[in-house]
2 protein chains.
Amino acid sequence: MVVDQVPRDFTDEEIDRIFGALADTTRRDILRQSLLGEQSVSGLARNYAMSFAAVQKHVAVLERALLVTKERRGREQIVHSNPAVIRRAARLLDAYEDLWRDRIARIGDILSGPPPQENSRKDVAP
Amino acid sequence: MVVDQVPRDFTDEEIDRIFGALADTTRRDILRQSLLGEQSVSGLARNYAMSFAAVQKHVAVLERALLVTKERRGREQIVHSNPAVIRRAARLLDAYEDLWRDRIARIGDILSGPPPQENSRKDVAP
DNA sequence: CTGATCTACAACCATTTGGTTGTATGTTAG
DNA sequence: CTAACATACAACCAAATGGTTGTAGATCAG
C-alpha cells in the first residue's frame, strides 16, 4: 500500500536531502535501476564495484531523501522508486527558471514602453 | 556576450556538481536572488547571517556548477544566473521520470494482452 | 538442523564541506 | 593621496560524506 506519496510541500531540509542524494553518480544509477524495475539491495549491489555496505548506505541516502522506499520481502529488501518526488524536484527547478523568465518579460515590457492599457498617473480627473 | 550557454551534454561530474550546488538552502537562495536580478557578491552577502567569505564560497560552488557566472564591473563582481543549466537539470529529472512512465506503460501492455499488430514468431513461412 | 544468503549496523579512516578569521590586493570616492 | 570598499585567498576547524571491514541476526534451501 502506498501512503504519503506527495503530501505536503517539502521543507528546506528535505530539498537539501533530495538534491544531495542526486549529487552522486552511483546514487543516480541506483535510482535509475529502481525506476526500471524493483530490485533487492543485494541485487542492486552486484552492479557496482564497491562493497555491499557502501551500496546499502547509498540506498539509505536515497531513502532519507524520499526518492525510494524499501519493502521487506522474505529475507530481501525490495527497493521501490518514488517518481512523484523526482517529478516535484523537476517542477521546483522549473519554478526557478520561471523567476528568470518573468524578470526578462518585465525587462521586455520596459524596453517596449508602457502598455497603453495601464493607467498609473495619480492626477487623473474623475 | 554570452558564450557556451548550453553546449555539450553534461558529464557525470558536472551533474554531481549541479545537484550538489543545489543541495544547500543558502545556495538555492543565492541562485534565486541572481535569477531575480544581477547583484554583486557583497550585495548578496548582506542578505545572509554569515561572513562575506562564506557567501563568496557558496557563489564559487554555484560557479563551478555552471549555475552562475561572474563578471567584473569596476571593483564589484556581478553574479549572473545561467537559467539554461537549471532548465537542463529539470529536463534530466524529467528523463528519470520517463523511465518509470515507460515501464508502467509496458506493464499495462502486458496486462491488456499482446497487441495484434506485433508478430514475434520465428517460424513464419515467407 | 545446517549452511548459505540477505540485511543491519558499528567502528574506523580519508576526504570534502561549510563555516571562521586574517591578510593582501585592487578600485573608487572625496 | 588617502580612506573605505569589494574581492581573493590562505589557514584553520568541526562535522558530514563515502568508502572500508567486521560482526551479528533473520530467513531460506536442502
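Chain naming here is simple, since letters A, B, ... match the order of the sequence lines and numbering starts at 1 in each. As the structure is a prediction and not an experimental result, all values here were calculated from the model.
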Under 4.0 Å between any heavy atoms, over every strand shown, what does B/Ser42 touch: base, sugar-phosphate, or nothing? Just pick one. sugar-phosphate
For A/Phe52 and D/dG19, what is the distance between atoms CZ and C1' respectively, to the nearest whole Å? 15 Å
side-chain N/O A/Arg27 vs D/dG18 OP1/OP2, d < 4.0 Å: yes
How close or far is atom C1' of C/dG18 from atom CD1 of B/Ile30, stated in whole angstroms? 12 Å
Does a side-chain N or O of B/Ser51 approach OP1 or OP2 of C/dT20 to a distance below 4.0 Å, or not? yes
Closest-nucleotide mapping onto DNA chain D: is A/Arg73 or A/Gly20 further toward the 5' terminus? I mean the 5' end. A/Gly20
Looking at B/Gln56, does any N or O in its side chain come under 4.0 Å of the phosphate oxygens OP1/OP2 on D/dA8? yes
Side-chain atoms of B/Val41 come closest, of C/dC9, C/dA8, D/dT7, to D/dT7
Heavy-atom nearest nucleotide on DNA chain D for A/Gly74 versus A/Val55: which residue maps closer to 5'? A/Val55
From the candidates C/dT7, D/dT20, D/dA6, the one with an atom nearest any side-chain atom of B/Arg46 is D/dA6
In whole angstroms, how far is the P atom of C/dG18 from the CZ atom of B/Arg64? 10 Å
Measure the distance from CG on A/Leu22 to P on D/dG18 and round it to the nearest whole Å. 12 Å
Less than 4.5 Å apart, side chain to side chain, heavy atoms only: is that true for B/Thr69 and B/Glu71? no
State whether A/Ser40 places a side-chain N or O below 4.0 Å from either non-bridging phosphate oxygen (OP1 or OP2) of C/dC6. no
B/Arg72 CZ to C/dT27 P, in whole Å, measures 7 Å
Is there a side-chain contact between A/Arg103 and B/Glu38 (heavy atoms, below 4.5 Å)? yes
Check the distance between C/dT7's P and A/His58's NE2 and give it to me in whole angstrom. 16 Å
Do A/Glu14 and A/Arg88 sit within salt-bridge range, that is, some charged N less than 4.0 Å from a carboxylate O? no
B/Arg75 has an atom CZ; how far is it from atom C1' of C/dT28, in whole Å? 4 Å
Are A/Asp102 and A/Arg106 side-chain neighbours, meaning at least one heavy-atom pair lies under 4.5 Å? yes
Please report, rounded to the nearest Å, how far the C1' atom of C/dT17 is from the CG atom of A/Asp24. 15 Å
OP1 or OP2 of C/dT21 sitting under 4.0 Å from any side-chain N/O of B/Lys57? no
Using a cut-off of less than 4.0 Å, is there contact between a side-chain N or O of A/Lys70 and OP1 or OP2 of C/dC6? no
Any side-chain heavy atom of B/Trp100 within less than 4.5 Å of one from A/Ile86? no
